[in-house]
There are 2 protein chains.
Amino acid sequence: MGSRDAEATRRRLLKAAREEFAAYGIAGGRVERIAAAAQSNKAQIYHYFGSKDGLFDAVFDAMCRETVDAVPIDAENLPEYAGRLFDSYERRPWVQRIATWYRLERAGTGDLLSVVLASNEAKVQAVADAQARGVLPAHFPADVLLGLVIHLSGFWSSNVPEFDAVVAGHSTAARRQVVVDAVAALLS
Amino acid sequence: MGSRDAEATRRRLLKAAREEFAAYGIAGGRVERIAAAAQSNKAQIYHYFGSKDGLFDAVFDAMCRETVDAVPIDAENLPEYAGRLFDSYERRPWVQRIATWYRLERAGTGDLLSVVLASNEAKVQAVADAQARGVLPAHFPADVLLGLVIHLSGFWSSNVPEFDAVVAGHSTAARRQVVVDAVAALLS
DNA sequence: GCGAACTAACTAACCGTTTGATTAGTTACA
DNA sequence: TGTAACTAATCAAACGGTTAGTTAGTTCGC
């Protein structure tokens, strides 16, 4: 128990790495801090994950799998789908930041994550089907519509501080409602 | 001319820094590369800008001033305003990336840029006025509405590569139209 | 006691920042 | 006008701290 549990150590490292990378990104994140926060050792990181980049990949991969599982698409009710995405960001605040770091620091390097690609394709298909059935309007192509919905769901974590200062003071519930309403308006 | 023009050197450094920071961010950007790309010297950076962070601030500040000047708000026609923002991102592709690095790496450190704050406040006021006149619908508060419009204008530069791969193949004109249409839908 | 888990100490490279000196342009004065 | 004194611009080299990655040895469960 505790002191010699490889799986637990791996988990502690992953969790600490998630915090560190969410806060500082890949270039800014410090392996030493991650090891210390996980009450472990730098060498363990290289033993379990091979490299700093490998550690970030593991964090990102795990995060993507969780997110894909956590919020299945409901093409019949995209406003509520966006609301649930919003909820998932509230529950796991690192998701948006890690995804953004990934986009900025990892674009073009290495392969795309097939689990995410497949999930996106399936979601586009679900939207396209709903459009074909007439449940969803067709004034946007399915891929674009899905993209807009996902994009809007991240509205509140995308603003520069100078804008946040101007929009301050909305409750979580109100912020969620904005996302839901905005997606609903998109479908009108 | 050329070899001893302080202002020109400053400009070359700023331009090189803009490219470097847009590509790699603050932590990832390399002072050495910036100096080399500007055909100058590391020490010049410290002479003109004090520090790496000071250099980034100068880049960000200049960029904000340009953007604020380049795209004045037109509260009577928000879809077209969003379209013009989209155009400005196409023309100056580094804007969105620098703004994102700023948000991720600089949030909470130092003061907010008053030029941006003032511009945002004025824009919110313009939207609120238009709402009061009945030119704009009032189902979103003015600050939120403006935020959504700006957020939507950046739609195409905000997606993770795994999503870009799925939405590939839309022309610039089509992408612009999506932004305009999405904002129009928001106002319905 | 064997192998897996763990760790402190180490290293080699990197990188932001500074130094100290050189060069080019400008002013002042005879 | 000629030149000495001054200022601003430039740069190569070095410094000191940091950091990703490694090693070689120790501890512990089975």
Side-chain angles (χ1 to χ4, degrees), chain A residues 1-62 98 101-102 104-106 109-110, chain B residues 1-62 98 101-102 104-106 109-110:
Chain A
M1 182 74 339
S3 65
R4 288 271 154 154
D5 184 337
E7 199 48 47
T9 301
R10 229 186 100 97
R11 266 199 304 274
R12 287 204 318 279
L13 285 171
L14 270 177
K15 183 177 174 194
R18 181 223 283 156
E19 305 295 324
E20 178 76 10
F21 286 133
Y24 303 105
I26 305 175
R30 296 290 166 250
V31 173
E32 179 77 57
R33 277 202 297 254
I34 294 170
Q39 300 184 95
S40 180
N41 187 283
K42 266 203 294 182
Q44 297 287 66
I45 288 174
Y46 291 88
H47 176 240
Y48 286 118
F49 303 101
S51 68
K52 188 190 190 182
D53 283 346
L55 176 57
F56 180 85
D57 287 345
V59 167
F60 186 69
D61 189 271
I98 298 257
W101 290 116
Y102 176 77
L104 290 176
E105 303 196 89
R106 266 297 163 83
T109 75
Chain B
M1 187 63 340
S3 66
R4 285 268 155 160
D5 186 337
E7 200 48 48
T9 302
R10 228 187 101 96
R11 267 198 305 274
R12 288 206 314 281
L13 285 171
L14 269 178
K15 184 177 172 195
R18 182 221 282 155
E19 306 295 325
E20 177 76 9
F21 287 134
Y24 304 104
I26 305 175
R30 295 291 166 251
V31 171
E32 179 77 58
R33 278 201 296 254
I34 294 170
Q39 299 184 96
S40 181
N41 188 281
K42 272 201 288 184
Q44 297 286 68
I45 288 173
Y46 291 86
H47 177 237
Y48 286 117
F49 304 100
S51 68
K52 187 192 194 182
D53 283 346
L55 177 56
F56 180 85
D57 286 345
V59 167
F60 186 70
D61 189 272
I98 298 258
W101 290 115
Y102 176 77
L104 289 177
E105 303 196 88
R106 265 298 163 81
T109 74

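Below, chain A is the first sequence line, B the second, and so on; all start at residue 1.
Minimum interatomic distance between B:Lys52 and B:Tyr46 (heavy atoms only, all atoms of both residues): N-CE2, 4.2 Å.
For B:Tyr46, no side-chain nitrogen or oxygen approaches OP1 or OP2 of C:dT18 to under 4.0 Å. Of the side-chain N and O atoms in B:Thr9, one or more sit less than 4.0 angstrom from OP1 or OP2 of D:dT10.
B:Asp53 places none of its side-chain heavy atoms less than 4.5 Å from the side chain of B:Thr109. When side chains are defined from C-beta on, B:Phe21 counts as touching B:Ile34, because their heavy atoms get closer than 4.5 Å.
In this structure, A:Ala43 reaches the bases: a heavy-atom distance under 4.0 Å links it to at least one base atom across the strands shown.
Atom CG of A:Asp5 and atom C1' of C:dC6 are 13 Å apart (whole Å). Following rounding to the nearest Å, A:Arg11 (CZ) and C:dA5 (P) show an atom-to-atom distance of 14 Å. Following rounding to the nearest Å, B:His47 (NE2) and D:dC11 (P) show an atom-to-atom distance of 12 Å. For the pair B:Leu55 CG and C:dG16 C1', the computed distance is 12 Å after rounding to whole Å. The distance between atom CZ of A:Phe49 and atom P of D:dA20, rounded to the nearest whole Å, is 16 Å. Atoms CD1 (B:Ile45) and P (C:dT18) sit 13 Å apart, rounded to a whole Å. Remark: P of C:dG16 and CD of B:Gln44 are 17 Å apart, rounded to the nearest angstrom.
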Under 3.5 Å, N/O pairs linking protein and nucleotides 25-28 of chain D:
unit_1: D:dT27; atom_1: O2; unit_2: A:Arg4; atom_2: NH1; d: 2.6
unit_1: D:dT27; atom_1: O2; unit_2: A:Arg4; atom_2: NH2; d: 2.9

Let's go through B:Arg11 and B:Lys15 carefully: what are the C-alpha distance in whole Å and the side-chain angles of both, what is the deciding distance for side chain to side chain contact (heavy atoms under 4.5 Å, CB included) to 0.1 Å, and is it a yes or a no? CA-CA 6 Å; B:Arg11 267 198 305 274; B:Lys15 184 177 172 195; over 6 Å; no
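Taking every side-chain heavy atom of B:Tyr48 into account, D:dA9 is the closest of D:dG21, D:dA9, C:dG16.
The aromatic rings of B:Phe56 and B:Tyr102 sit parallel, their planes meeting at an angle under 30°, below the 60° perpendicular limit.
Here CG of B:Leu14 is found 4.0 Å from CZ of B:Phe49. Values are rounded to the nearest 0.5 Å. Here the CD-CG distance, from A:Gln44 to A:Leu55, works out to 12.5 Å after rounding to the nearest 0.5 Å. Between atom CD of residue B:Glu19 and atom OH of residue B:Tyr24 there is a gap of 11.0 Å, rounded to the nearest 0.5 Å. The line from CZ of A:Arg106 to CG of A:Asp57 is 4.0 Å long, rounded to the nearest 0.5 Å.
For DNA chain C, the residues of residues 15-42 of chain A within the heavy-atom distance limit of 4.0 Å (strictly under) are A:Ser40, A:Asn41, sorted by number.
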